Amino acid sequence: MDIQQLNPEQRTAVMTDAQYVLVLAGAGSGKTKVLTTRMAWLMEQGIVSPGGILAVTFTNKAAKEMLTRISSLLPINTRAMWVGTFHGLCNRLLRAHYRDAGLPQSFQILDIQDQLSAIKRLLKFHNVDTDKYPPKDIQNFINGSKERGLRPDDIIPHDPFEARSVELYALYQNQCDKEGVVDFAELLLRAFELLKNNALIREHYQRRFKHILIDEFQDTNDLQYKWLRLLAGQHNAMFAVGDDDQSIYAFRGANVGNMRAYEQDYAKGNIIRLEQNYRSYNHILDSANALISHNTERLGKNLWTDRGDGELLRINELSDDRTEAQWIVDEAKSLIRDGIDYQQIAVLYRSNAQSRAIEHAFFSVGLPYRVYGGLRFFERQEIKHVLAYLRLIHNLDDDTSFLRVVNFPARGIGARTLENLTDAATQIGCSLALGIGALKGAPATKLAEFVGLIKRLSDMAKILSLPDLIQQIMHDAGIEQFYKGERDGEERLENLQELVNAAQVFCSEESFEGRSAAELVSLSASEDQAFPEQTSALAMFLSHASLEAGDNQAKHGENAVQLMTIHAAKGLEFDVVFVAGLEQGLFPHRNSLVADDGLEEERRLMYVAITRARERLYLSAAHERMLYGQTEYTTRSQFLDEIPEEHTKWLSPKLKESGFTRSEFAFRQGAGRATNEPKRQSAMFAGMSGGVQVGAQLFKVGQRVAHAKFGEGMIINLVGQGAEAQAQIVFQNVGVKTLALGVAKLEIL
DNA sequence: GTCGGCTGGCTTTTT
DNA sequence: GCCAGCCGAC
C-alpha cells in the first residue's frame, strides 16, 4: 500500500484521526480508492482489527469491489470485516439474533414482487376495494413508513385513506410475521429495533465496530442514518463518503439532508473535499460545475483536472427522435472506425421508453449494442418458481411461496379449492400447508399430494447437495417436463440450468477471493464468538437469491455500445458519452417540476450524466418526439442553456433561447422544416390560415397565451373548429400540452 | 384452466 | 404505441 501516491486531500482523508468525517467526493475523484485505502491503512497501522470495521454500501457490486481492492492492498483475511450492503448486513444481524428479533430461524426475504403479491392476497382476503386502495399504493405506503422507521402505531393518519392504509399496514405485518417472511424495508427496521431495544446486543456491536465507513452517503434514507448512528454510539468513528451533487434517488426515500445533518451534528464542519478529477477533461468538468451551480442548498464543490481542456461538448438539435437516433448511430460508427472500443461508447437517456428508437437505429445498421435494465436473473418467473419450491422445503409455512407453486405446474388445484383452504387455515390460525387437514374430498387429496411432494423433497434436501436438490425439484415437480412442452421453454430451461450452476458456484469455496459467496451472506463470522449460529447452505442460498437479484448484464461482456438510463450509469465511466433527449418535459422530466426540489434533482441527474464522459460528450435534443403514440413538440432542455457557450460546439444552428425555440422555429419557417414528411405538416398546421374562433377569442398559431396552471406558452398547432377545437401549446416549463379551447381558460397575451 | 382481447397507464430503481 | 394485467369466453 502506497499512501504517497495519493493526492494531499485523499491522504488527509485516509489518515485522519477525527472521530467524525465527511468526505465530499466528487465524480471521478478516487472515492473508492480513499475508502479502501483508509480501511487498509487503519488495519495496517494496528488502529483497528479487521473485525472492528463495518463498511456499508448500497449495492452488492460496490461491496464486492471494496473487498477485492482491500485484498489487493493488504494480505489480510477480510472475512472478519463486515463489508456489505445495508440489507446484507441487517440480514446477517437478524440471522444471528433471530430469536431476539422475534423471527423464526428460517425467515425468508420477500422481494418487491413477492411483497406485492402478499399485499394483493391480503386485500382480497379482507375484501378491500382495490380501486380505492390499489395494492401498489399500499405497498408504497408500507415501505415509505418503514423507511422512516414508523410502525403502524407511530403513524397519525391525516385522512381516511391514510387511516385505512395504517390498518392495512398492521394487517400486512401480522401476515408477514405469521408466515415468517420479511420484506426489504423490514430487514432494516427489524435490525434497527433489535439494536435499539436490546442493550446487550447493541453494546456488543458498539464495542465491536470501532470504525464505521459509509459509501454513497447521499443515498441513505432516514432509517439507514438512524441505524448508523445507533451502531456508532458515542465512541466509534464514522467516515462518511458521498456527493450531494450526485443525489438522484430521492424518489425512493434517499435524503440528501442526512449529509448536512451529519456535517452539523457530528462532523462539525470537518469536511474533506476531493475535487481533483482523474476522469475527464476541463471542458467537461467546467460544464458540469457551471450546470450544478444553478442548484441551491449545496455543500459546495468544484471539480478540476490537470489533464487539460480536452474537446468541446458537441451539441446537436435534430428534427425528431428518429433522426436523433440515426445521428447517434452514424457518430458511433465513425468513432468505432477511429478505433474507439464499442463498450467505451455509452448512450444515456432519461427514461427507458427512449431506448426503443435508439435500439432500432443500432439494429438496422447492425452495430452491436447492449441495453441495460429489464428483468434480472433471479426475477425471472421460472427461477422464482423453483426458488418458491426451495423456500417451501425450507419453511412450509411460507404461504406466498405455497400459492405460487401449489398449482405450478398445473395439477388441478383451482381458485375455488384455494379459497376454501385459505378460509380453513384462517379459522384454525395456521399456514395453508397445515390447513389442508381440515379439508375433505378430491381437492384435499390433490393438496395432500402436493404437500407430500414437498415433504419428500425436504427429506432429500438433507442428503443432496444444493445443485442436486434443484435438479431433483425440477424433475419431481414436473417443471422440466412442463417447460419442455412450452414454446419459449428452451430458454427457461437454460436459465434453470444456470440456476443449478449458480448454486454450484455458491457452494464452492473458490468463488470469491478464496471466500465463498455463501460466506459473504453468512451469519456471524466465526470469530464473532458472542453469538454463534449455524445455518444450512439452502438458507444462505435463499438469502443470497433475494438480496442479490443478479446483474442485468454481467454475463454479456461482449463488445457492444452501451445503452442505459442515466440512473443506471451512475458510478460508471466511458470514453464517449451521448446524452439523448435533452428536451423540456423529458429532461428535466415534466413530473419533476411539481415535486419538491424536483428540478434540482433533475439537474443533479444531468450532472451525473455529464461526468460519465472521459474524452468526449455529445448532447442532443429532438424537436419532435413520439411519446405515448403521439407526436410531441418539444423545446430544448434548459440544461443545455445552463452550460456556458465557451465549452460547447453546436453542430446544428443554435436557436436564440430555450422555451420557445421550437415554436419560433416552426412558425418562422412555416411548414418548411427541411427534413420532415409532408403528410404530417398538413395536419400540424391545419389551423394556421385563419385561426380558430372560440367565443370572443381568436386563436392563431404562433400566438402567445397564458394558462392559470401551466403559465405562459405559445400555440404551435390548432386542430378542429369552434368549441371542439384543440390547441397544442408549448409552455415554457411544462413542455407541450394539448388543450381543448372550449375548456381551458386561456388568456391571449 | 387456458387463451385471447380489452383497458389503462406510462420517470428514474437497489435491496 | 406498447405492454401488463385483468376479465370473460370456451
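Source: prediction; values computed, not measured. Here is how names work: the chains are called A, B, and so on, in the same order as the sequence lines, proteins then strands, and each is numbered from 1.
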Quiz item: Based on Watson-Crick and G-U pairs with both distances under 3.5 Å, what dot-bracket line describes DNA chain B 5' to 3', crossing pairs as [ ] and inter-strand pairs as |?
Solution: ||||||||||.....

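Relative orientation of the Phe408(A) and His385(A) rings is parallel, given thresholds of 30° and 60° on the angle between their planes.
For dT13(B) and dA4(C), the P atoms lie 16 Å apart once the distance is rounded to whole Å. dG5(C) and dT12(B) have their P atoms separated by 16 Å, with the value rounded to a whole Å.
Base orientation for dT7(B): anti, the chi torsion being more than 90° from 0.
Nearest to the side chain of Met626(A), among dG1(C), dT2(B), dT15(B), sits dG1(C).
Distance Leu110(A) CG to dT14(B) C1': 16 Å, rounded to the nearest Å. Between Glu359(A) atom CD and dG1(C) atom P there is a gap of 18 Å when expressed in whole angstrom units. Summarising the geometry, the separation between CD on Gln354(A) and C1' on dC2(C) is reported as 16 Å, rounded to the nearest angstrom. Going from atom NE2 of His87(A) over to atom C1' of dT14(B) covers 8 Å, rounded to whole Å. One interatomic measurement links the two molecules: CZ of Arg92(A) to P of dT15(B), which rounds to 17 Å at whole-angstrom precision. Rounded to an integer number of Å, the gap from CD of Glu419(A) to P of dG1(B) is 12 Å. Distance CD (Glu379(A)) to C1' (dT14(B)): 10 Å, rounded to an integer number of Å. Between the CD atom of Glu632(A) and the C1' atom of dG1(C) there is a distance of 13 Å, given to the nearest Å.
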Quiz item: If the sugar-phosphate is the primed atoms plus P, OP1 and OP2 and the base is the rest, what is the B/S/- string for nucleotides 5-10 of chain C, using protein heavy atoms under 4.0 Å?
Solution: -S----

Quiz prompt | Nucleic acid footprint by protein, nucleotides 6-13 of chain B - heavy-atom cut-off 4.0 Å, B for base, S for sugar-phosphate alone | solution = ----BBBB

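The six-membered or imidazole ring of Tyr225(A) lies near that of Phe217(A), with a centre-to-centre distance under 6.0 Å. Two rings, from Tyr133(A) and His126(A), have their centers 6.0 Å or more apart. Between Tyr249(A) and His567(A), the ring center distance clears the sub-6.0 Å criterion.
Cation-pi contact between Arg380(A) and Phe378(A): absent, since separation from the ring centre below 6.0 Å together with deviation from the ring axis within 45° is not met. At least one test fails for Arg604(A) against the ring of Tyr607(A): distance under 6.0 Å to the centre or angle within 45° of the axis.
Interatomic distance, CG of Leu187(A) versus CZ of Phe192(A), reported as 15.0 Å (0.5 Å rounding).
Each of Ala415(A) and Ile112(A) was matched to the nucleotide of DNA chain B holding its nearest heavy atom; the match closer to the 5' end belongs to Ala415(A).
Smallest separation of non-hydrogen atoms from Gly412(A) and Asn407(A): N-OD1, 3.3 Å.
Checked options Glu602(A), Glu583(A), His589(A); the residue passing with Arg350(A) is Glu602(A) (criterion: side chain to side chain donor-acceptor pair (under 3.5 Å)).
Within the 4.0 Å cut-off from OP1 or OP2 of dT15(B), at least one side-chain nitrogen or oxygen of Asn60(A) is found.
When heavy atoms are screened at a 4.0 angstrom cut-off, Asn407(A) is found touching the sugar-phosphate backbone but no base atom. Phe58(A) comes within 4.0 angstrom of the backbone, heavy atoms only, and of no base. Ile413(A) comes within 4.0 angstrom of the backbone, heavy atoms only, and of no base.
No hydrogens or angles considered: nothing links the side chains of Lys120(A) and Gln139(A) as a donor-acceptor pair under 3.5 Å.
Residues Glu449(A) and Arg411(A) are not paired through a salt bridge, judged by the lack of any N-O separation under 4.0 Å between the basic side chain and the carboxylate.
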Quiz item: Would Asn91(A) and Phe107(A) satisfy side chain to side chain contact (heavy atoms under 4.5 Å, CB included), going step by step from the backbone distance to the final call?
Solution: CA-CA 10 Å; Asn91(A) 180 48; Phe107(A) 76 83; 3.6 Å; yes

